[in-house]
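Here's the structure we're looking at; comments come further down.
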There are 2 protein chains.
Amino acid sequence: MTAAETAIETIQREMTVFARRARASAGRMHPELSLVSYTLLGHLEESGGCRATDLAAHYVLDKSTVSRQVAALERTGLIERRQDPADHRVQVLRLTPAGQEILDRVTRSRRAVFRERLTDWPEEDLKRFAGYLERYNAAASGPAAG
Amino acid sequence: MTAAETAIETIQREMTVFARRARASAGRMHPELSLVSYTLLGHLEESGGCRATDLAAHYVLDKSTVSRQVAALERTGLIERRQDPADHRVQVLRLTPAGQEILDRVTRSRRAVFRERLTDWPEEDLKRFAGYLERYNAAASGPAAG
DNA sequence: CGAATCAAGTTGTACGGTGCAACCAGGGAG
DNA sequence: CTCCCTGGTTGCACCGTACAACTTGATTCG
């Protein structure tokens with residue numbers, strides 16, 4: 001096995017380890033907001049409001065899944081739906097102040113955890129690692145996505 | 001925000017993206033072996049056989065969860081249980097030939113996917129990326145694990 | 001215009017993975 | 001022998017997910 005193949009093997013293994021841990025730990029970290037809910041709220045924040053269908057497309061989820069997630073988020077008052085006057089089928093989803101508040105809180109908390117984990121990394125390594133991850137994810141969302 | 005903080009922000013975001021995608025894509029990639037089953041089989045291969053409790057400890061899973069996973073893997077003939085003659089409570093789990101075969105197959109398939117994603121990366125970057133991931137995961141499994 | 005078609009969301013149903021609590025069975029310490 | 005510990009199973013509940021059927025509103029085309 002070449003050095004490159006060994007590295008790929010390691011990347012595969014470590015990514016798998018990370019993936020396996022992520023959900024459970026996210027749940028333990030923030031009982032009030034699952035990883036899914038967190039990412040959905042985050043997308044609403046970035047986009048400044050979008051439709052359920054957009055969320056489904058962006059996260060490659062079934063629309064029924066998104067529908068239920070959205071319903072739950074509305075029930076707990078973190079988002080609100082507004083009928084689009086131009087098209088009565090669509091509901092524009094937006095963060096409520098409460099949703100924004102909890103999203104900020106969880107983001108801060110997550111950031112603190114990551115910051116601690118990466119605390120003694122040289123800046124140069126942090127920048128390279130960030131770049132690698134972006135590059136990897138970009139490749140993974142292209143052909144044969146996943 | 002300093003450059004280091006920006007990098008940490010990116011790492012956090014990209015890791016989250018990856019985590020969110022991983023399970024679903026793993027399921028789509030190999031319908032015959034979930035990500036969990038895959039990692040459990042992998043651990044049995046590396047360890048050359050161990051107890052359910054060891055798996056639970058290693059992967060931070062409830063023993064009931066492992067018990068069911070193991071039961072399913074035995075049902076499908078991928079692993080076998082053998083009573084430990086020295087302690088009748090413990091069952092030593094081992095890969096069956098069928099289990100080894102399917103583990104090899106899925107490993108090859110996963111490896112191919114990763115290889116393709118990383119195909120045009122310079123070897124130097126691959127090695128660094130692998131190192132960063134190992135380092136990150138090691139930090140994440142230490143204090144405040146997850 | 002009206003019928004067929006398409007798009008956005010909801011609901012019923014089913015499944016997999018998970019945790020907690022209660023339990024059972026075997027081992028070890030006093 | 002009794003008490004407690006440990007390995008494992010089972011009942012129950014929950015979440016996230018997909019698929020399929022359906023509803024409602026928009027669009028297209030004869």
Side-chain angles (χ1 to χ4, degrees), chain A residues 16 19-41 49-76 78-94 146, chain B residues 16 19-41 49-76 78-93 145-146:
Chain A
T16 304
R20 204 182 29 65
R21 278 186 191 148
R23 284 206 189 202
S25 69
R28 282 190 273 268
M29 257 195 258
H30 324 285
E32 75 264 37
L33 204 58
S34 75
L35 186 58
V36 184
S37 303
Y38 176 71
T39 55
L40 295 185
L41 290 188
C50 69
R51 306 171 305 166
T53 294
D54 299 332
L55 293 176
H58 192 262
Y59 293 112
V60 198
L61 291 171
D62 192 82
K63 56 185 180 163
S64 66
T65 300
V66 174
S67 174
R68 283 179 237 272
Q69 291 288 340
V70 162
L73 289 173
E74 190 194 24
R75 228 178 296 122
T76 48
L78 304 187
I79 68 174
E80 63 180 10
R81 303 145 120 147
R82 278 211 342 236
Q83 289 281 327
D84 180 344
D87 184 340
H88 271 210
R89 289 171 307 178
V90 338
Q91 304 173 347
V92 177
L93 308 174
R94 294 202 43 205
Chain B
T16 304
R20 203 181 29 64
R21 279 185 190 149
R23 284 205 188 201
S25 69
R28 282 191 272 270
M29 256 197 257
H30 324 285
E32 76 265 36
L33 204 58
S34 75
L35 187 57
V36 184
S37 304
Y38 176 71
T39 56
L40 294 185
L41 290 188
C50 68
R51 305 171 304 166
T53 295
D54 299 332
L55 293 176
H58 192 259
Y59 292 112
V60 198
L61 291 171
D62 193 80
K63 56 184 182 164
S64 66
T65 301
V66 173
S67 175
R68 284 179 240 273
Q69 291 288 340
V70 161
L73 289 172
E74 189 194 25
R75 226 178 299 122
T76 49
L78 303 188
I79 69 174
E80 64 180 10
R81 304 147 122 145
R82 276 208 346 233
Q83 288 282 330
D84 180 342
D87 183 340
H88 270 209
R89 287 170 306 179
V90 338
Q91 305 172 349
V92 177
L93 308 174

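Residue numbering restarts at 1 for every chain, and letters A, B, ... go by the order of the sequence lines.
Under the side chain to side chain donor-acceptor pair (under 3.5 Å) criterion, A/D87 pairs with A/R89, not counting sequence neighbours. Partners of A/R94 under the side chain to side chain donor-acceptor pair (under 3.5 Å) rule, at least two apart in sequence or in another chain, do not exist in this structure. For A/S64, the side chain to side chain donor-acceptor pair (under 3.5 Å) criterion is met by A/D62, not counting sequence neighbours. Here A/T16 pairs with B/R110 under the side chain to side chain donor-acceptor pair (under 3.5 Å) rule; sequence neighbours left out. Shown here are the ring-ring contact (aromatic ring centres under 6.0 Å, His included) partners of B/H88, two or more places apart in sequence or in another chain: there are none.
Residues B/L93 and B/L40 form no side-chain contact, since every pair of their non-hydrogen atoms from C-beta on lies 4.5 Å or further apart. When side chains are defined from C-beta on, B/L41 counts as touching B/I79, because their heavy atoms get closer than 4.5 Å. In this structure, the side chains of A/V36 and A/T65 stay at 4.5 Å or more apart for every pair of heavy atoms.
Taking atom CG of residue B/L55 and atom P of nucleotide C/dG19, one finds them 13 Å apart after rounding to whole Å. Atom C1' of nucleotide D/dG7 and atom NE2 of B/H58 are separated by 19 Å, given to the nearest angstrom. Rounded to whole angstrom, the span from the CG atom of A/L61 across to the C1' atom of D/dC19 amounts to 14 Å. Following rounding to the nearest Å, A/L35 (CG) and D/dT17 (C1') show an atom-to-atom distance of 14 Å. B/L40 places its CG atom 14 Å from the C1' atom of C/dG16, with the value rounded to the nearest Å. Atom-to-atom, CG of B/D62 to P of D/dC12 comes out at 17 Å; the value is rounded to the nearest Å. Per the geometry, OH belonging to A/Y59 stands 12 Å off P belonging to D/dT17, to the nearest Å. Atom CZ in B/R75 sits about 13 Å away from atom P in C/dC15, given to the nearest Å.
Of the residues in residues 63-70 of chain B, those with a non-hydrogen atom less than 4.0 angstrom from any atom of DNA chain D are B/K63, B/S64, B/S67, B/R68.
The shortest non-hydrogen separation linking A/R51 to A/V90 is CD-CB, 3.9 Å. The shortest non-hydrogen separation linking A/T39 to A/Y59 is O-OH, 3.2 Å. When all heavy atoms are compared, the tightest approach of A/L35 to B/A19 is CD2-CB, 4.3 Å.
The phosphate of D/dG25 has neither OP1 nor OP2 within less than 4.0 Å of any side-chain N or O from A/Q83. A close approach under 4.0 Å does not occur between any side-chain nitrogen or oxygen of A/S34 and OP1 or OP2 of D/dC15.
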Please list, pair by pair, any protein nitrogen or oxygen found under 3.5 Å from a nitrogen or oxygen in nucleotides 26-28 of chain D.
residue	atom	partner	partner atom	Å
D/dA26	OP1	A/H88	N	2.9

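In this structure, B/R81 and A/S37 both approach DNA chain D, and ranking their closest nucleotides by distance from the 5' end singles out B/R81.
Considering only side-chain atoms of B/Q91, the nucleotide from D/dG8, C/dG19, D/dA18 that sits closest is D/dG8.
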Side-chain donor-acceptor distances from residues 66-76 of chain A under 3.5 Å, at least two apart:
residue	atom	partner	partner atom	Å
A/E74	OE1	A/R81	NH1	2.4
A/T76	OG1	A/A72	O	3.0
A/T76	OG1	A/L73	O	3.2

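Comparing the end axes of the helix from C/dC1-D/dG30 to C/dG30-D/dC1, each fitted to five base pairs by superposing C1' atoms of four pairs onto the next four, gives an inter-axis angle of 0° (nearest 10 degrees).
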